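Report on one structure; see the data block that follows.
If you read the sequence from its start, that first residue is 1, and numbering goes on from there. Bear in mind that the values here come from a model prediction, so they are computed numbers and not experimental data.
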Amino acid sequence: MTAAISVARPGIRLGERPERVLPRDPDRLDAFFQRLLTHRVDPQLRSLRSFGKRLQAIGMAEDQFMKMDLVARNCSVQALRQSLTAGQLQQSELVQAFALIRAALQQTLGLRLHDEQLYAGWCLLAGHFVEMNTGEGKTLTAALPAIVMAMAGVPVHVISANEYLVARDSGELASVYRWFGLSVGLVLADQDEALKRQGYACDITYCTHQQVVFDYLRDSQVLKYGRHSLASNLRDLLDEQSGKPVQRGLCFAIVDEADSVLIDDARTPLILSESSASDGLSMAEAAVALAIARSLKENHHYLLRREIRQARLTDAGLQVVRKRTAQLSGSWQFERYRQERVCQALAALNLYQRDVDYLVQQDRVELIDQATGRPTPQRRLQHGLHRLLEVKERCSVSDESSPVASLSYQRFFTRYHRLCGMSGTLHEARGEIQRVYGPGVLRIAPVRPSRRRQLPLRMAASQSRQLELLLEQVQRLRSQGRAILVGTRTVKLSDEVSAMLDVHGIAHEVLNARQDSAEAQVVAAAGRVAQVTVATNMAGRGTDIKPDKAVLEAGGLHVVNLEINDSRRVDRQLHGRAARQGQPGSCQDILCLSDEVLEREMNPVAMRLLALLVMRSGQSASMLIGFLVRRAQRRVEDRHRQQRIRVAEGQTQLQRILAVGGRGE
């Protein structure tokens, strides 16, 4: 008999809002051994084969439940719920729970969980991360630990990368949760405080990673400033909800698309800001800074570090700026202010591209999430940079914002008493996940062997030739009756591909940050015969693509990647949209020399070598071409990893500095 699984519930022992208390200045060696001891893998969870005895027990329990009538089964559910809320979760109770959940899914949705899903669900419940191939049923797998913990009285947060997945998954599983007498809540960005409180009050809450952190920061501010105030005491006496925290603590979280949430989005801390009215002076300063920046020449007046998005004035540039601002009054007379303003303006002009880094929609500048390709209207660049973009694009200038609190994903998610997650591309990030968040990563073998064909990389000398190669492939595969998904990293290239297809009369659908609201309809149609879909980054996208029978008979969905992504994991996410669940399918990268990642990451010598190799190879990439491309991509991965380390260390340092006053946020 293995050790029981401990749980954290709101109550007398842990308080109304339980969360794990982090050491203010953790010793790295102590932290390492703590993670090693706390998250060691149960020998019976190291592989599906070693999990066999538990699978057998679950099957026997399920047979018993299936023989019961409705009344007896409901009595079993109530008895199990009382048993789970009594203390730690014992193995015998978990066997009964998994058997009931499997039977409930069969009855409500007509879907039967595979052994691999039961194994993955138990691993999640034990506090591990699991890698499951695209199409292997991660949504249903997450229901297993969510139901068990909710029945045990633990508030459950199911966290995903975007609101589309949040709404889809909560809706699909609502009938299963009701079968167990559990309530399911949905927390979205545009909800008011009352609706959010209602969502968090449910047994199981679905929300995005950004929303759960922002709500946590708002709650922290409420507790920080209103804990002992007269108004707070009166609200408590009157049992009023307004002004109270909306969350019930950080007890148990299941993170879907875990690498996108915990790795890709962890390079910058989330900042809670409050608006302050804009004024004409700051708008005028932005316009002046942009005018000065436009008059300067790169490599003479200023230098750009594109990889970290910074501009630096040379001595010649400093002289020009001094001369241009000599007649200006106020802050322009301060040397440091002049430099910072003009450098920000140079960054806005040269390092932030429209339809790549941001969109202009409805007279607003909206940043694009590079990991998911979705617009993020709630995000703003700090230190006046967002306002410079608004003035640059001649948009309405929104109110300025001042930071009130900040928190990194690294520090937030380690505050959960139990954290687990899943994704189809976790293996490459397993070391960082275990080092930062604690749990290890277990790979779950697919139910059916993959039939995906990875076609050789093709490299074009120019973007026009790249689009010609794409067009040839699209026309050939459409004539065969196959469906094609074209993936791009930027909105700009997706628009160019769409324009090219329009010129040649090829019907298609586009899914990027502009068409984000139509995602469900576009994805639902992407598997039809001869259908062409052009989409930006696919983290959490495309999981609903179901190829028609005729498409599968013709060879399945074909995926084409046109741009080098910031991580190999993102490439795998895109490739994984083809050949799901053992279906036929194929994928291929068609890249070009003018790719932004190559131009930014490769030195001139390596770039000339790559161009020579491409000219000699005739677009059929050699192993050396593949090596050079991967090397450039690895440089981006390494730099992003260093940024995440700096963010985590910066938050730790902030905690140390503010130790007298409490937490850093």
Practice task
Taking the side chain as every heavy atom from C-beta outward, state whether V77 and W179 have any atom pair closer than 4.5 Å.
Solution key: yes

Handout entry: Which residues share a side chain to side chain contact (heavy atoms under 4.5 Å, CB included) with Q211, sequence neighbours left out
Key = V187, A189, K196, T208, D215, R218, Q378

Exercise for the section: Evaluate whether atom CZ of R379 has more than 12 neighbouring non-hydrogen atoms of other residues, nucleotides or ligands under 6.0 angstrom away. Expected result: yes

Practice task
Before giving the answer on side-chain contact (heavy atoms from CB on, under 4.5 Å), spell out for L144 and L113 the whole-Å C-alpha distance, their side-chain angles and the decisive distance to 0.1 Å.
Solution key: CA-CA 10 Å; L144 288 160; L113 292 173; 3.8 Å; yes

Problem - Non-neighbouring partners of D256 that pass side chain to side chain contact (heavy atoms under 4.5 Å, CB included), sequence neighbours left out - result: K138, S160, L165, D169, M422

Handout entry: Check: L270 main-chain N/O paired with Q210 side-chain donor or acceptor under 3.5 Å
Key = no

Problem - M68 CE: over 12 foreign heavy atoms closer than 6.0 Å - result: yes

Practice task
Spell out, as yes or no, whether a donor-acceptor pair under 3.5 Å connects the side chain of R448 to the backbone of Q583.
Solution key: no

Practice task
Kindly determine whether F252 and V7 satisfy side-chain contact (heavy atoms from CB on, under 4.5 Å), including the steps that lead there.
Solution key: CA-CA 8 Å; F252 180 64; V7 295; over 6 Å; no

Handout entry: Side chain to side chain, D259 and F129, heavy atoms closer than 4.5 Å
Key = no

Handout entry: From NZ (K244) to CG (L223), nearest 0.5 Å
Key = 11.0 Å

Practice task
Flag the pair Y200 / V212 as yes when at least one side-chain heavy-atom distance between them is below 4.5 Å, and no otherwise.
Solution key: yes

Problem - Atom CD of E428: over 12 foreign heavy atoms under 6.0 Å - result: yes

Handout entry: Heavy-atom check, side chain of R418 versus side chain of S6, under 4.5 Å
Key = yes

Handout entry: Donor-acceptor contact present, side-chain D192 to main-chain A194, <3.5 Å
Key = yes

Exercise for the section: Calculate, to the nearest 0.5 Å, the distance between atoms OH and OG1 belonging to Y409 and T414 respectively. Expected result: 14.0 Å

Exercise for the section: Please confirm whether the backbone N or O of A201 pairs with a side-chain atom of T205, one donor and one acceptor, at under 3.5 Å? Expected result: no

Fill in the blank from the handout: Taking every heavy atom of A8 against every heavy atom of L14, the minimum-distance pair comes out as CB-CD1, 3.6 Å

Exercise for the section: Decide if atom CD of Q56 counts as having more than 12 heavy atoms of other residues, nucleotides or ligands within a radius under 6.0 Å. Expected result: no

Handout entry: Check: Q410 side chain, R644 main-chain N or O, donor-acceptor pair, under 3.5 Å
Key = yes

Practice task
For P547 and I545, work out which heavy atoms get closest and say how close.
Solution key: CD-O, 3.5 Å

Problem - Atom pair OG/CD of S423 and E257 - distance to nearest 0.5 Å - result: 5.0 Å

Problem - Short side-chain to backbone donor-acceptor contact, R9 and A152, under 3.5 Å - result: yes

Exercise for the section: Calculate, to the nearest 0.5 Å, the distance between atoms CG and CD1 belonging to L125 and I5 respectively. Expected result: 4.0 Å

Exercise for the section: Assign the ring pair W122 / F98 to parallel, tilted or perpendicular, where the plane angle (0 to 90°) is split at 30° and 60°. Expected result: tilted

Exercise for the section: Verify side-chain contact (heavy atoms from CB on, under 4.5 Å) between L109 and S175, making sure each step is shown before the conclusion. Expected result: CA-CA 8 Å; L109 300 180; S175 60; 3.6 Å; yes

Fill in the blank from the handout: Of all heavy-atom pairs linking N512 and V510, the shortest is ND2-CG1, 3.5 Å

Handout entry: Interatomic distance, H417 atom NE2 to L419 atom CG [nearest 0.5 angstrom]
Key = 12.5 Å

Problem - L442 side, atom CG; H427 side, atom NE2 - distance, nearest 0.5 Å - result: 11.5 Å

Exercise for the section: Flag yes if more than 12 heavy atoms outside E16 fall under 6.0 Å of its CD atom; otherwise flag no. Expected result: no

Exercise for the section: Give the ring-plane orientation class for F413 versus Y416, where under 30° counts as parallel, over 60° as perpendicular and anything between as tilted. Expected result: parallel

Problem - Backbone N/O of Q521 and side chain of E509: donor-acceptor pair under 3.5 Å - result: no

Handout entry: Donor-acceptor contact present, side-chain S83 to main-chain A79, <3.5 Å
Key = no

Practice task
In sequence, state the C-alpha distance, the side-chain angles, and the governing distance for M151 and E93, and then conclude on side-chain contact (heavy atoms from CB on, under 4.5 Å).
Solution key: CA-CA 11 Å; M151 290 178 69; E93 297 169 348; over 6 Å; no

Problem - Qualifying salt bridge (charged side-chain N to carboxylate O under 4.0 Å, His left out) pairs, either residue in residues 94-106, two or more places apart - result: E62-R102, R102-D115

Completion exercise
In short, P43 meets S50 closest at the heavy-atom pair O-OG, 3.4 Å

Handout entry: Heavy-atom closest contact (P584 atom, L552 atom, distance)
Key = CG-O, 3.4 Å

Practice task
Look only at the side chain of T376 and the backbone of L367, and say whether a donor-acceptor pair between them is shorter than 3.5 Å.
Solution key: yes

Practice task
Return the set of residues passing salt bridge (Lys or Arg N to Asp or Glu O under 4.0 Å) with E172 (not counting sequence neighbours), or none when no residue passes.
Solution key: none

Exercise for the section: Determine whether V551 and Q531 make a side-chain contact, defined as any pair of heavy atoms from C-beta on separated by less than 4.5 Å. Expected result: no

Exercise for the section: For the residue pair F51 and Y119, categorise the inter-ring angle as parallel (less than 30°), tilted (30 to 60°) or perpendicular (more than 60°). Expected result: tilted

Fill in the blank from the handout: What one should report as the nearest heavy-atom pair of E136 and M132 is O-CE, 3.5 Å

Problem - Close side-chain approach of V156 to D203, heavy-atom, < 4.5 Å - result: no

Handout entry: Residues in salt bridge (Lys or Arg N to Asp or Glu O under 4.0 Å) contact with R17, at least two apart in sequence or another chain
Key = D219

Handout entry: Note, T134 side chain near R572 side chain (heavy atom, < 4.5 Å)
Key = no

Exercise for the section: Mind checking salt bridge (Lys or Arg N to Asp or Glu O under 4.0 Å) for R443 and listing every partner two or more places apart, or none if nothing turns up? Expected result: E131

Handout entry: Residue pair V184 / R178, side-chain heavy-atom distance below 4.5 Å
Key = no

Handout entry: Test side-chain contact (heavy atoms from CB on, under 4.5 Å) applied to Y206 and L173, L188, I159, the passing residue
Key = L173

Practice task
Check whether any side-chain N or O of R452 sits under 3.5 Å from a backbone N or O of A578 as a donor-acceptor pair, and report yes or no.
Solution key: yes

